[in-house]
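Just so you know, ligand 1 is whichever comes first in the structure, and atom 1 is the first atom listed for that ligand. All values below were derived from every heavy atom in this structure, side-chain atoms included, with hydrogens, water molecules and symmetry-related copies excluded.
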Amino acid sequence: MKNVEKYARGYFMPPETSLKWTQKEYMTEAPTWCSVDLRDGNQALIVPMNLEEKLEYFRMLVEIGFKEIEVGFPAASETEFVFLRTLIEQELIPDDVTIQVLTQSREHIIRKTFEALKGAKKAVVHLYNSTSVAQREQVFRKSKQEIIDIAVEGAKLLQRCAEETEGNFQFQYSPESFTGTEIDFALEVCNSVLGVWRPTADNPVIINLPATVSMSMPHVYASQIEYMSEHLNFREHVILSLHPHNDRGTGVADAELGVLAGAQRVEGTLFGNGERTGNVDIVTLALNLYSHGIDPKLNFENIPAIISVYERLTKMRVSERHPYGGELVFTAFSGSHQDAIAKGMKWREEKAPGTWSVPYLLIDPKDIGREYEGDIIRINSQSGKGGIGYVLQLKYGLDLPAKMRENFGYFVKNVSDHRQKELMPDEIYDIFQKEYVNIQTPVEFIKYRSTDHEDFQTIVTIRTGNEVKEIEGAGNGRLDAISNALQTSLSISYTDLIYKEHALETGSKSQAVSYIGITASDGSLYWGCGIDVDIMISSVKALFSAVNQFIRIKNSSS
Ligand SMILES: CC(=O)SCCNC(=O)CCNC(=O)[C@H](O)C(C)(C)COP(=O)(O)OP(=O)(O)OC[C@H]1O[C@@H](n2cnc3c(N)ncnc32)[C@H](O)[C@@H]1OP(=O)(O)O
Ligand SMILES: CC(C)C(=O)C(=O)O
């Protein structure tokens with residue numbers, strides 16, 4: 001691309017890095033989560049949420065288990081102000097939940113914020129000002145010292161307002177645009193604010209280091225976090241927090257590496273709603289932890305319900321490929337994936353039901369409220385016998401013999417290819433029924449009776465066209481006898497009867513299902529299936545179905 005030179009810029013790598021975090025394999029426990037859906041998420045919506053919507057969203061966040069929730073920017077609008085007042089006055093904030101509000105470092109904004117906070121039992125007041133080179137030069141047109149002064153003046157005013165206002169307040173400071181700030185300057189600003197607030201064990205302060213715009217690879221952000229963690233004053237009384245955005249698509253990696261590098265807290269939103277490409281997605285972060293066997297301390301056991309509320313209130317959409325939440329993320333259309341998943345599910349059921357290692361599926365979809373049926377394996381022209389057999393078994397209880405599954409599999413994918421569409425389970429079942437089950441043309445089975453039990457001598461009544469006749473055969477079993485009768489009377493021959501049967505529960509009724517494969521002299525296999533309450537009749541019907549397949553195909557090719 002021709003304009004590439006204009007993006008050659010530095011990354012503010014810290015002057016020293018110990019990279020100790022690179023030795024860690026993963027987190028050992030969940031960080032403290034803070035949802036910023038109602039602030040950063042909300043401020044990025046085409047139409048920010050109204051009072052009712054914010055209240056409903058807040059209730060959902062509480063139900064999910066968030067203990068820290070940034071509820072808004074009270075000085076931004078009447079809705080924001082009234083929402084906070086409603087939460088406080090109507091005592092809608094559970095005792096174990098701390099609300100948080102954001103304010104610029106400007107006197108009238110801070111004062112308005114505290115006006116909205118009056119009576120809050122427990123609230124974090126979050127102060128920010130931009131510290132980046134670009135914002136200093138272009139937006140604020142201020143020197144480094146003047147930028148420090150904005151932060152320090154704001155920090156002092158927060159202290160005064162907190163003293164004057166009824167309620168319990170904790171402080172948070174964000175050097176906004178941290179990732180575009182020289183690291184030692186960011187450290188200097190944060191330490192200046194800490195110098196004002198002087199955190200203690202009883203009164204810790206949150207220092208939040210946002211990737212306001214994500215500008216580097218995640219290891220650079222993590223190195224910056226490590227450096228800040230090691231050089232911040234009052235570190236033991238500082239809760240180090242992350243606030244990644246997703247401009248480079250690395251919000252999750254930034255958060256995970258940032259936590260390894262020393263952060264204790266992560267701010268983010270559900271499904272990553274937020275400015276531009278969004279905030280870091282807490283659903284993904286939490287379920288990544290879960291996939292490593294670490295309790296995320298958030299409840300995403302019913303993701304479909306959460307998505308439905310989220311989409312209704314934000315008017316945003318969770319994309320089909322969104323980690324964990326997306327409609328297609330547990331779905332395999334392709335044959336080899338389906339085959340491995342179907343085998344893996346069976347293996348797990350038989351060998352290790354308490355564990356999860358099914359190929360291609362990071363977690364058990366059921367754990368987050370997704371169904372196997374219709375979710376995991378879906379059928380189109382890329383599908384294979386394993387997946388098609390799995391659908392028939394899961395949805396209709398039909399456990400086809402391996403070779404029949406292959407035969408049916410090729411048939412189904414051809415149908416999908418020609419129709420250029422996905423086939424739903426009921427369509428697959430229809431095809432199966434039409435092609436294989438109780439096929440009665442050109443030869444219809446009417447009844448059979450035994451005449452001699454020694455060699456299973458059997459008389460079978462059949463109809464071909466308008467003609468009803470009896471045919472007779474003997475064999476080493478009843479089915480063999482009927483098969484011999486058919487071969488002689490119809491002048492056909494085949495070998496190798498493949499046979500399988502099982503019970504089939506349909507509603508409250510139990511039926512028998514039989515599958516029969518016959519091999520023609522040229523080696524081709526023909527399949528039939530019979531379903532009947534009588535197991536013997538089901539096998540005869542399966543045989544007739546296979547023979548009819550054989551005759552139909554033979555006739556159509558001659
Ligand atoms: C990275 C983030 O997401 S930060 C959060 C951003 N969220 C929002 O902005 C949503 C809510 N904001 C609002 O409703 C409005 O911006 C308000 C009500 C807060 C302020 O509105 P206004 O006063 O009309 O103006 P505006 O936001 O444009 O402010 C610009 C002025 O504030 C200054 N300013 C902006 N941010 C800050 C800050 N954090 N601290 C101090 N001053 C700031 C700018 O330098 C500019 O100063 P100037 O007037 O001297 O040029
Ligand atoms: C206010 C800060 C934390 C912010 O939203 C950002 O930098 O993205």
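Protein heavy atoms are absent from the space less than 4.0 angstrom from atom 51 (O) of ligand 1. Proximity of atom 46 (C) of ligand 1 to the protein is not indicated, since no non-hydrogen protein atom lies closer than 4.0 angstrom. Distance remark: protein heavy atom not present below 4.0 angstrom from atom 24 (O) of ligand 1. Within the 4.0 Å cut-off (strictly below), a protein heavy atom is located near atom 38 (C) of ligand 1. Checking atom 4 (S) of ligand 1 against the protein gives a heavy-atom contact under 4.0 Å.
Annotation: atom 17 (C) of ligand 1 to nearest protein heavy atom, I109 CD1, 4.2 Å. The nearest protein atom to atom 44 (C) of ligand 1, hydrogens excluded, is given as F140 CE2, 4.0 Å; this is a heavy-atom distance. In terms of protein heavy-atom proximity, atom 9 (O) of ligand 1 is nearest to F73 CE1, 4.2 Å. Among all non-hydrogen protein atoms, the one lying nearest atom 22 (P) of ligand 1 is R106 NH1, 3.8 Å. Given atom 13 (C) of ligand 1, the protein heavy atom at minimum distance is A76 CB, 4.0 Å. Summary of contacts: the protein heavy atom closest to atom 7 (N) of ligand 1 is Q43 OE1, 2.8 Å.
Considering backbone and side-chain N/O of T212, none are found under 3.5 Å from N/O of ligand 1. Considering backbone and side-chain atoms alike, S105 places an N or O below 3.5 Å from some N or O of ligand 1. Checked against a 3.5 angstrom limit, the closest N/O atoms of Y128 and ligand 1 fall inside it. The distance criterion of under 3.5 Å between nitrogen or oxygen atoms is not met by E176 with respect to ligand 1.
Heavy-atom distances between R39 and ligand 1 reach below 4.0 Å in at least one pair.
Contacts with ligand 1 closer than 4.0 Å are made by heavy atoms of both the backbone and the side chain of Q104. Residue contacts with ligand 1 for P210 are absent, since no atom lies close enough (heavy atoms, distance under 4.0 Å).
A distance-only check finds no donor-acceptor pair linking the side chain of T179 to the backbone of S214 [under 3.5 Å].
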Between the protein and ligand 2, which nitrogen or oxygen pairs come in under 3.5 Å, and how far apart is each?
residue: ligand 2; atom: 5 (O); partner: R39; partner atom: NH1; Å: 3.4
residue: ligand 2; atom: 5 (O); partner: R39; partner atom: NH2; Å: 2.8
residue: ligand 2; atom: 5 (O); partner: D40; partner atom: OD2; Å: 3.2
residue: ligand 2; atom: 5 (O); partner: H243; partner atom: NE2; Å: 3.1
residue: ligand 2; atom: 7 (O); partner: T212; partner atom: OG1; Å: 2.5
residue: ligand 2; atom: 8 (O); partner: H243; partner atom: NE2; Å: 3.1
residue: ligand 2; atom: 8 (O); partner: H245; partner atom: NE2; Å: 2.9

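Looking at N279 and N273, their side chains never come closer than 4.5 Å, going by heavy atoms from C-beta outward. Contact annotation: the side chain of L209 never approaches that of Q224 to less than 4.5 Å [non-hydrogen atoms, C-beta and beyond]. Using a 4.5 Å heavy-atom cutoff, the side chains of P210 and P175 are in contact. Between K421 and S416 the shortest side-chain heavy-atom distance does not fall below 4.5 Å. A 4.5 Å side-chain heavy-atom check between S18 and E226 finds at least one atom pair inside the cut-off.
Cation-pi geometry between R317 and Y310 is not satisfied (NZ or CZ under 6.0 Å from the ring centre, within 45° of the ring normal).
When only modelled atom types and interatomic distance are considered, H126 and T103 share no side-chain donor-acceptor pair under 3.5 Å. R265 and S241 share a side-chain donor-acceptor pair at under 3.5 Å.
Against a heavy-atom cut-off of under 4.0 Å, L102 is close to the following atoms of ligand 1: 5 (C). Listed by number with element, the atoms of ligand 1 under 4.0 Å from a non-hydrogen atom of D40 are 3 (O). If you number the atoms of ligand 1 from 1 as listed, the ones under 4.0 Å from a heavy atom of A75 come out as 18 (C).
The residues E107 and R111 are annotated as salt-bridged, a charged nitrogen and a carboxylate oxygen being separated by less than 4.0 angstrom. Using a 4.0 Å cut-off between charged side-chain N and carboxylate O, E80 and R39 make no salt bridge. Taking 4.0 Å as the cut-off between side-chain N and carboxylate O, R85 and E78 do not count as a salt-bridged pair. For the pair E230 and K20, the salt-bridge criterion is met [side-chain N within less than 4.0 Å of a carboxylate O].
Ring centers of F169 and F114: under 6.0 Å apart, within the cut-off.
Nearest heavy atoms, Y390 versus I377: CD2-CD1, 3.4 Å. Contact between S291 and L362 at its shortest, heavy atoms only, is CB-CG, 3.9 Å.
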